Amino acid sequence: MTQVRKEAWQEHYEGCRGFRPLCATERTLLAEHVPAPEGGQALDAGCGTGELAVALPPAWAAGGFDGIVITHTATDIAPAWRDQLAEGGRLVVPLQIGGYARSVTLVRRGDTFYAEHWTYCGFVRDRGTTARTVPMVRLAGGAVTVRWENGVPGDTGGLDEALRRPRHELATGLVVAGPFNFETLQVFAASTLAGFCRLTVPHGSELVAQRDAAAVVADGSLAYLTPIKVHDAPEPGCSRFEFHIHAYGPAGPELARRFAACVRTWDRDVRASGYPSMSVHPAGTPDDRLPPGGVLEKPASRMVLGWPGRGARVTGPDAPAETVVAGQST
């Protein structure tokens, strides 16, 4: 595989290279579904990377665009996307929360975006000068990698020693049929658990059962989520799995209880309802102008997720400090 420097990618896109004329089928579909206004055009393209894409002609974009589609994952909503979108227009962006990508359709109302639809997805990461880096630390001689996909690293002091201690295991009591869709659990944990991170290990690891595990790190300890098969069957849909928490370190039992409470809360309050309501506000928006919910602080925005059963506003650099259930801490 050929590697290309970030600077080369930036120069490539800013120079408008790599574009080709529309083929006959594309022209036919555009004429049918996006007809150009008389004397005008229906489609234009800006060159650049991510939020630095060149703005389109002012006369064409004077009122803003009806829709903008972002084709790389993002962890924040760039102000340029809001500025170029018309009131009531839709922004479709592969948004990452804790590293889990979901294509979210956002509708602009004033200076705020409101989530209209969520879809499980996968996209390439952003590139060029706006590309973000993911803080990571390798533990146990490189056998375990901790990643903070939200961009804010945690304290890993004491974790090497913790991984040399016996493992604590806790069953959550949640048993599901396999294969099982728990995509909203991933986002719920990533947006509500303090110290959330991801663990990566090679195949066959004896330290971590999941090759890519949702985890929390705190107080020289860690805990991660893993499904354990409790009933095997010839038909995959007849097998049964139970979510367990594996933990290491002196605070491991407490982290395991906290993670298990998150799983049970999701099963009771969230599982049947799907994705949360979400509003995205400009950075610096005062707390009293935010709706209730968990607040994810980003460089350019404040994202408020309204999960069922979470009536209180909780703020933090990446996730609320506690899991809140019906107004009470767990």
Side-chain angles (χ1 to χ4, degrees), residues 97-100 134-140 143-175 182 184-201 205-228 241-271 294 296 305 307 309-310 312 314-325 328-330:
I97 298 177
Y100 299 113
V134 177
M136 61 180 65
V137 173
R138 288 181 170 81
L139 304 170
V144 178
T145 300
V146 187
R147 312 188 324 269
W148 289 272
E149 294 281 353
N150 284 330
V152 180
D155 183 5
T156 58
L159 290 185
D160 275 311
E161 173 62 26
L163 289 169
R164 288 192 286 267
R165 296 187 177 190
R167 184 172 70 194
H168 175 76
E169 299 186 7
L170 177 64
T172 65
L174 174 57
V175 178
F182 58 98
T184 56
L185 173 58
Q186 294 173 328
V187 178
F188 182 68
S191 62
T192 62
L193 281 173
F196 184 86
C197 58
R198 304 270 289 276
L199 302 181
T200 304
V201 297
S205 170
E206 295 183 357
L207 289 172
V208 178
Q210 289 288 106
R211 295 190 67 182
D212 183 358
V216 290
V217 169
D219 303 323
S221 306
L222 65 83
Y224 70 89
L225 177 69
T226 184
I228 302 295
F241 295 82
E242 182 176 14
F243 284 104
H244 283 229
I245 312 297
H246 291 177
Y248 292 94
E254 174 56 30
L255 292 183
R257 286 191 290 271
R258 188 189 307 171
F259 211 142
C262 172
V263 173
R264 295 178 189 125
T265 298
W266 170 81
D267 181 48
R268 183 183 64 244
D269 298 334
V270 177
R271 180 177 172 183
L296 303 184
L305 278 69
W307 292 104
R310 296 177 59 84
V314 189
T315 61
D318 284 288
E322 299 176 315
T323 298
V324 180
V325 183
Q328 297 181 351
S329 300
T330 60

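Everything quoted here is computed from the prediction, not taken from an experiment.
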Flag, side chain of D155 to backbone of G157, donor-acceptor distance under 3.5 Å: yes
Heavy-atom closest contact (G249 atom, A162 atom, distance): CA-CB, 3.6 Å
E254 side, atom CD; L170 side, atom CG - distance, nearest 0.5 Å: 10.5 Å
Flag if over 12 foreign heavy atoms under 6.0 Å of CG, D219: no
Heavy-atom pair of closest approach, residues F259 and A189: CE2-CB, 4.3 Å
Validation row: L305, F188 side chains within 4.5 angstrom (heavy atoms): no
Side-chain donor/acceptor of D160 to backbone N/O of A140, under 3.5 Å: yes
Side chains of D267 and T172 in contact at under 4.5 Å (non-hydrogen atoms): no
Ring pair (Phe, Tyr, Trp, His ring centres under 6.0 Å) involving Y100 - partner list, sequence neighbours excluded: none
Residue pair P250 / R165: nearest heavy atoms and the distance that separates them: CD-NH1, 3.6 Å
Distance, nearest 0.5 Å, that separates CZ of F243 from CH2 of W266: 6.0 Å
Check: I245 and L225 side chains under 4.5 Å, non-hydrogen atoms: yes
Chi angles and distances behind the side-chain contact (heavy atoms from CB on, under 4.5 Å) call for D212, R198: CA-CA 7 Å; D212 183 358; R198 304 270 289 276; 2.8 Å; yes
Minimum-distance pair of heavy atoms, taken over all atoms of L139 and V146: CD1-CG2, 3.5 Å
Closest non-hydrogen atom pair between C197 and R147, with its separation: CB-O, 3.2 Å
Sub-4.5 Å side-chain heavy-atom contact between T192 and C262: yes
Polar side chain donor-acceptor pair, S191 to W307, under 3.5 angstrom: yes
T156 side chain to L159 backbone, donor-acceptor under 3.5 Å: no
Approximate separation, where rounding is to 0.5 Å, of T226 OG1 and Q210 CD: 3.5 Å
Heavy-atom side-chain contact between L207 and V201 under 4.5 Å: no
CZ-OG1 distance between R271 and T265, expressed to the nearest 0.5 angstrom: 14.0 Å
Atom pair CG (L174) and CD (E242), whose distance is rounded to the nearest 0.5 Å: 7.5 Å
Residue pair R167 / Y248: nearest heavy atoms and the distance that separates them: CD-OH, 3.4 Å
